[in-house]
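Input: a single structure, listed below in C-alpha cells.
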Amino acid sequence: MKDMAILMGKKGAGCLAILVLVVTFMPPKALATDPSLDDITGTDSSDWSGPSPSTATTTTDSLAISDPFQRKNFYANGLFWVFYDVRWDTVYYRTSKDGISWSSATSLGWPTGTWYGGMFSIVFDGTYFHYAYAFDVSSGNALKYRRGTPNSDGTITWSAAEQTAVAGSSGITISQPCITLDSDGYPWIGYRRYDGTNKYPYVTKSSTKDGTWTTASGFPVRVSTFTAAGTISVPIPLTGGKMLCLYTSNGFQVKGKSCDGSGNLGSEVHTTDYIQSAQMSAVGQGDYVHLVWSDNYYIRYTKYDYSSNAFGTNSTVVSSVQSAISNWAPVLSIDAASNNLYCFYSGYPTANHIYYKIKFSSNGSWSSATDWISETTDGLTDNNRLTGFYQDHGRKIGLVYLTKGSSPYNVRFSYLDGSCDIAGKTGVMGLQAGNDAEYLAFAIKLNYTTLGFGTSGMPLGDKYEVNFTIGSMDFSMLFVATAASRGKFALCYKPGGTWTAAETIDKSGSDIASGTRYASGTGYTAFKLTDATSSDYGYVKLEVSRSYLTELGASGDSVTNIVGRTYLASSTTNLLPGPQEGTKIDRCPSGSSTASYTMKKIPEFPLGGIVLVMPLVAIYLRFRRRSAKWSAA
C-alpha cells in the first residue's frame, strides 16, 4: 500500500507538471478576451467639419425640384442621386460618391418640352427606386410609372419597360403626382385630376410589385370632392397596406382620409390651421403620420393617429410673427432607426440661410434651430425650392435646393451624416486602446449627434481604419461596410514597404449585430461594432493577437504613429489602408499629428491558465495528503 501511494504521488506530480505546461502554453486563440479600452491621450481633435454644400448641376427651370411634398433625391449603393428637370428639355439625374463631385447628366428618356419639377416624383425603398410623372402640358396625358435598381456605377437597371399607371383620357389632365409604397411594397400614386371644371384629389395603386403596373381592384379612387386651384394629393404609408391620403390647397386646412388596399376610404379629418399654397411635407411612422406645413407666418406640426382617426394638437416649430416669409415651405425627413424627425426650412431668421430642427422621439421636444447653410452669395431662388429624403438612407439625410434669382439656376446639395464622424472636437478623445495578455485592441469612437453610427444602416463602402507602428513594422486594422448590416475586417502589415493583407474576416454574407464580437477562425483577429445612441458614442473596435503581431515583425511594447481615419465609398474588395477609391471624411488626431500607446506588461503565465490549473493543483495536494497518511501507516 505504501509503495502504491508513493508511486501515485510521483505519477501525480509528473501529470500535474505536464498539465501545467500544456495549459501555460496554450495558443492565444484559446482565450478570446475582448480587452477593455481607455482613451488615448492627444486624440481630442479630428478633422471633420461636416459635408459642405455643392452644386450638382445647373438648370434653366426655377421650379426644377419642386414641390416640397414630393421627393427628388436619395442615397443608394454608395451614391447620392439627384433628379431635376431642364425647362424646354426633359428630366435628368446626376450621382456623387461624396456629395461634392458629381457625374455628368443622364436623361431618363421622358418626353421633351415644357417641364417643371411638379410633374414628377421619386421614391426609394432601400433596394429599388420608383418614379411617377405626368407631362401635363395638355389634357389627355397619361400617368407613367417605372421601377429600377440604382447601381453603384451610377447606372440604372430597369425592372421592366415604362408602365402606364393611369391612361390618358380626352378632356382630363393629370398633374402633381406623388409616389410612395405601402407597407407591403405596392406602389401608390396620388395625383390631381382636372376635368375642365373640378380639380379633385385622386389616388391609384398597383396590385403588382415587380416593376410592372396592374391597377388594383377598386382603384383609381377619388379621395374627396374637395376641389381648388392648387389641389394636391399625398399618400403616406401606414401599417397593413393602408395609406393616409392627405389633400389640400392654398388657404385651406390640410385634410386626410385613410384608405385600405381595396380602395375603401375612412372619414375625413383635418388640421385646425390653414396652409399657404402646397407648402407641406409628411412622413409615416407605423400607424402615425407626422406633418409640417406653413401659413407664411408659422411652420406648424401635428401628428395623425390611425387608431383615433384624428390629428393631434398643433404645435409651432418656427414662428416669424413680425412679418410673413414669402413661400415659406418646410421639408420633413425621418431617421428610421430613432424615429427622430428633421424639419428643414429657409429664410428665417436670416434670409438666404437654411436651418433645421430635430424633433426627438424620446421626449417629443424640438431642438433649437441649427443655422446649417448660408447662401448669401448667390441667394436662394425661393424659400419653397427645397426637397429632401423621405427617410435616412445609409445614415444620411440629403437636401436639394436652388440658388440664384435668374437662369441658369444652381441645383445645390448638402446632407447630414454622423456615421463617419470621429468624436473628438469637443474635448473628448476620439481613439481608444487597450490590451491584455492575448490581444491589442483599438477603437474609433464615433459621434452620436445627428444620425450617428449604426450597424443597421451602414452605407456601402464606409470604412473605419486604425494605423499604427510597433518597433519597425507598420500595421493597419480596418473595417469596411459591404451592405447595411454587413462588412469585412482586415489586418494589414507593411513588409518591404508594401501593404499586405495578413488576415481577413468576411461578414458580408450575414448580418452584424451591435455589441457582438466576431473573431477569425484562427482567433488572431476580431472586431466589434457598437451603435451610437442619443446618450452614448458608437464604436468600431478592432483587435489583433499580440503573438501574431510578433510573428509579423512587431517588437517591443511601444505602439507609435497611431492614427484613426474614416472614408466614404471605399472599395469593398481591395482591403488595404487608404481611400481605395473612396474619399477621406475624418482623421484623428487632426492634421499630421499621431498618438502613442504603451502596451501593459502582463506575466507570461496567462490568467486563464491559472484558472484552469488551480483545480489540478487541489487534486494533486489531496493525493499528497492521502499518500502521506498511507506512508505513515
Side-chain angles (χ1 to χ4, degrees), residues 56-57 64-65 70-86 89-97 99 102-112 115 117-135 142-166 174 177-191 204-216 235 237 387-394 396 398 400 411 413 457 459-461 482-484 569 572:
T57 187
I65 57 163
Q70 298 167 324
R71 309 288 173 167
K72 303 286 197 295
N73 56 342
F74 57 85
Y75 182 86
N77 288 324
L79 296 175
F80 295 101
W81 300 70
V82 170
F83 296 78
Y84 62 96
D85 79 76
V86 175
D89 193 351
T90 187
V91 173
Y92 295 86
Y93 73 87
R94 293 179 186 250
T95 63
S96 173
K97 281 188 174 184
W102 293 85
S103 69
S104 57
T106 299
S107 170
L108 287 175
W110 298 352
T112 57
W115 277 93
M119 291 183 178
F120 73 98
S121 176
I122 299 291
V123 66
F124 177 59
D125 64 13
T127 302
Y128 304 102
F129 95 93
H130 309 247
Y131 71 61
Y133 76 85
F135 192 54
L143 178 60
K144 297 292 187 176
Y145 163 81
R146 202 175 193 187
R147 186 185 84 168
T149 301
N151 300 313
S152 59
D153 62 358
T155 62
I156 297 170
T157 301
W158 298 107
S159 302
E162 187 174 88
Q163 307 282 296
T164 297
V166 177
I174 297 171
C178 183
I179 188 169
T180 192
L181 303 176
D182 66 23
S183 58
D184 296 323
Y186 294 98
W188 294 55
I189 307 172
Y191 59 97
T204 191
K205 173 195 172 184
S206 176
S207 62
T208 51
K209 53 180 179 179
D210 57 2
T212 62
W213 185 282
T214 302
T215 302
T387 183
F389 290 9
Y390 178 88
Q391 68 174 67
D392 70 295
H393 301 301
K396 296 167 176 58
V400 179
V411 179
F413 173 82
L460 178 71
T482 58
T572 58

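In this text the structure is predicted, and so the values were computed from the model without any measurement. What's counted below: heavy atoms across the whole structure, side chains too, no hydrogens, waters or symmetry copies.
Without hydrogens or angle criteria, D182 side chain to G185 main chain gives a donor-acceptor distance under 3.5 Å. In terms of modelled atom types and a separation under 3.5 Å, the side chain of Y128 and the main chain of D210 share no donor-acceptor contact. Checking side-chain atoms of S121 against main-chain N and O of I179 turns up a donor-acceptor pair under 3.5 Å. Without hydrogens or angle criteria, T387 side chain to N73 main chain gives no donor-acceptor distance under 3.5 Å. Here the side chain of R147 pairs no donor or acceptor atom with the backbone of H130 at under 3.5 angstrom. Between the side chain of K72 and the main chain of A64, no donor-acceptor pair closer than 3.5 Å is present. Checking side-chain atoms of T95 against main-chain N and O of F80 turns up no donor-acceptor pair under 3.5 Å. Judged purely by atom type and a 3.5 angstrom limit, Q163 uses its side chain to pair as donor or acceptor with the backbone of A161.
Tested against T204 for a side chain to side chain contact (heavy atoms under 4.5 Å, CB included), the candidates W188, Y191, Y145 yield a single pass: Y191. Applying the ring pair (Phe, Tyr, Trp, His ring centres under 6.0 Å) test between F83 and each of W110, F129, F124, F120 identifies F129 as the sole match.
Between the side chains of T215 and K205, not a single donor N or O lies within less than 3.5 Å of an accepting N or O.
The closest side-chain heavy-atom distance from Y390 to F74 is not below 4.5 Å.
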